Amino acid sequence: MRKGIFITIEGGEGAGKSTLIEQLSNKMLNSGMKITTTREPGGIPIAEQIRHVILDREHTAMDGRTEALLYAAARRQHLVEKVAPALQEGQIVICDRFVDSSLAYQGHARGLGMDEVWAINKFAILDLMPDMTIYMDVSPEVGLRRIAEASEREVNRLDLEKRSFHEKVREGYLRLVEQNPDRIVLINAEQRPELVFNDVLKAIDSRFAGIFATDVKLKRMDIFE
Ligand code: TMP
């Protein structure tokens, strides 16, 4: 039995996941919560090495199924080594991408089929699904423009795909939102970062019945003092 809370953050390129995760982890740490933030593919040495193999811009010969299998392999190791132990300790785990990325990118955008990609991922994760997934929705036009303007960000093999690929990624995500209304919350990530963050806090608070309530009470006291 796991005791913690598993939250995943999803979205296309330039959706602002990293900014959100930084804001969210600061907020949770300030509220006295025990958290682990991590990312996929990666988060631990074995999975970071797999990340390097998958995303290397030289690896243009990589077959779509190989790509899907490597993501699933990295996911399995990361889950066993890092995510599951942290959940077992009762921590809140915030993970930048998880299985929905494989379903949207490899399943839908690469055309391997969401069901097929789900099958190999089911083998990898067994039944360890997120308690909540935040999907940061942004059009490829806005997302890719943001990436082009952020010179410090790494440009990986998947970033170099055509615009139509990124359109399909979004289409895949929107399908997943529709199919999983209890787990996935869509956030309009084209808004200003403060508004995005506010929407995310509201969504988490309502999903986990006032998880930030203590913090909110403290703020109210500050106002009246
Ligand atoms: P990042 O840029 O958000 O770190 O993600 C790395 C890239 O890997 C990004 O282009 C999305 C892609 N990806 C997949 O295609 N499938 C997956 O399962 C995961 C986790 C990431």
Side-chain angles (χ1 to χ4, degrees), residues 6-22 24 37-44 46-60 62-79 81-83 93-125 128-130 133-138 140 143-173 175-176 184 189:
F6 185 22
I7 299 175
T8 58
I9 315 292
E10 294 282 355
E13 315 305 318
K17 292 183 288 101
S18 310
T19 308
L20 170 68
I21 290 171
E22 202 183 319
L24 198 53
T37 55
T38 188
R39 72 163 178 183
E40 274 204 3
I44 47 150
I46 294 174
E48 286 292 339
Q49 286 196 38
I50 299 175
R51 177 187 179 94
H52 185 71
V53 172
I54 305 173
L55 296 177
D56 190 329
R57 287 162 67 173
E58 304 279 305
H59 291 174
T60 48
M62 189 175 292
D63 169 72
R65 285 174 185 250
T66 306
E67 184 181 282
L69 287 163
L70 286 173
Y71 277 118
R75 178 160 301 131
R76 170 76 194 161
Q77 190 64 28
H78 179 239
L79 211 57
E81 263 193 64
K82 192 166 183 180
V83 177
V93 176
I94 303 172
C95 188
D96 186 343
R97 300 195 180 280
F98 191 60
V99 67
D100 298 299
S101 284
S102 284
L103 298 172
Y105 282 78
Q106 283 68 50
H108 191 68
R110 282 259 185 265
L112 296 178
M114 283 190 168
D115 291 346
E116 282 80 353
V117 172
W118 172 244
I120 58 164
N121 276 279
K122 204 164 167 5
F123 175 76
I125 66 178
L128 215 166
M129 281 297 280
T133 297
I134 292 160
Y135 165 55
M136 305 275 282
D137 185 48
V138 74
L144 295 174
R145 192 184 330 123
R146 282 181 185 165
I147 289 182
E149 285 165 4
S151 52
E152 75 284 1
R153 187 185 175 283
E154 68 167 21
V155 176
N156 66 49
R157 191 170 56 83
L158 274 82
D159 292 335
L160 300 176
E161 289 285 345
K162 292 196 206 72
R163 168 77 69 90
S164 58
F165 177 83
H166 298 287
E167 299 280 359
K168 289 214 106 189
V169 169
R170 188 186 197 194
E171 210 176 85
Y173 273 127
R175 188 175 293 181
L176 289 166
I184 310 181

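Everything quoted here is computed from the prediction, not taken from an experiment. We count residues from 1, following the sequence as given. Order of appearance sets the numbers: ligands from 1, and atoms from 1 within every ligand.
Only the side chain of N156 comes within contact range of ligand 1, with a heavy atom under 4.0 Å; no backbone atom does.
The side-chain tip of R110 does not point at the ring of Y105 from less than 6.0 angstrom away and within 45° of straight on.
The residues E161 and K168 are annotated as not salt-bridged, no charged nitrogen and carboxylate oxygen being separated by less than 4.0 angstrom.
The shortest separation from a heavy atom of R51 to ligand 1 is under 4.0 Å, placing the residue in contact. Ligand 1 does not have I54 within reach: every non-hydrogen atom of the residue lies 4.0 Å or more from it. For E13, the closest heavy-atom approach to ligand 1 falls below 4.0 Å.
Near E40, meaning under 4.0 Å from one of its heavy atoms, ligand 1 places the atoms 20 (C). Close contacts of ligand 1 with R75, meaning ligand atoms under 4.0 Å from a residue heavy atom, involve 17 (C), 18 (O), 20 (C). Heavy-atom proximity to L158, at under 4.0 Å, picks out these atoms of ligand 1: 10 (O), 12 (C), 15 (O). Against a heavy-atom cut-off of under 4.0 Å, L55 is close to the following atoms of ligand 1: 6 (C), 7 (C), 8 (O).
In H52, the NE2 atom is not crowded: 12 or fewer heavy atoms of neighbouring residues, nucleotides or ligands sit closer than 6.0 Å. In the displayed structure, Q49 atom CD is contacted under 6.0 Å by at most 12 heavy atoms of other residues, nucleotides or ligands.
Ligand 1 has no nitrogen or oxygen under 3.5 angstrom from a nitrogen or oxygen of R39. Of the N or O atoms in Y105, none lie within a sub-3.5 Å distance of an N or O in ligand 1. Here's the thing with S102: one of its N/O atoms is less than 3.5 angstrom from an N/O atom of ligand 1. On a distance-only criterion, D96 and ligand 1 share no N/O pair closer than 3.5 Å.
The protein heavy atom nearest to atom 5 (O) of ligand 1 is R97 NE, 3.1 Å. Looking at atom 2 (O) of ligand 1, its nearest protein heavy atom turns out to be R153 NH2, 3.5 Å. Ranking the protein heavy atoms by distance from atom 16 (N) of ligand 1 puts Q106 OE1, 2.8 Å first. Looking from atom 21 (C) of ligand 1 to the surrounding protein, the closest heavy atom is Y71 CE2, 3.3 Å.
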### Task
For the pair K17 and E22, evaluate salt bridge (charged side-chain N to carboxylate O under 4.0 Å, His left out) and give the outcome as yes or no after the intermediate values.
CA-CA 9 Å; K17 292 183 288 101; E22 202 183 319; over 6 Å; no
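Side-chain polar atoms of N156 and R57 form no donor-acceptor pair below 3.5 angstrom.
A donor-acceptor contact shorter than 3.5 Å is absent between the side chain of R97 and the backbone of E40.
For the atom pair CE of M129 and CZ of F6, the computed distance is 8.5 Å after rounding to the nearest 0.5 Å.
Closest of all the heavy-atom pairs between R170 and P140 is CD-CD, 4.2 Å. Contact between T60 and R157 at its shortest, heavy atoms only, is N-CD, 4.4 Å.
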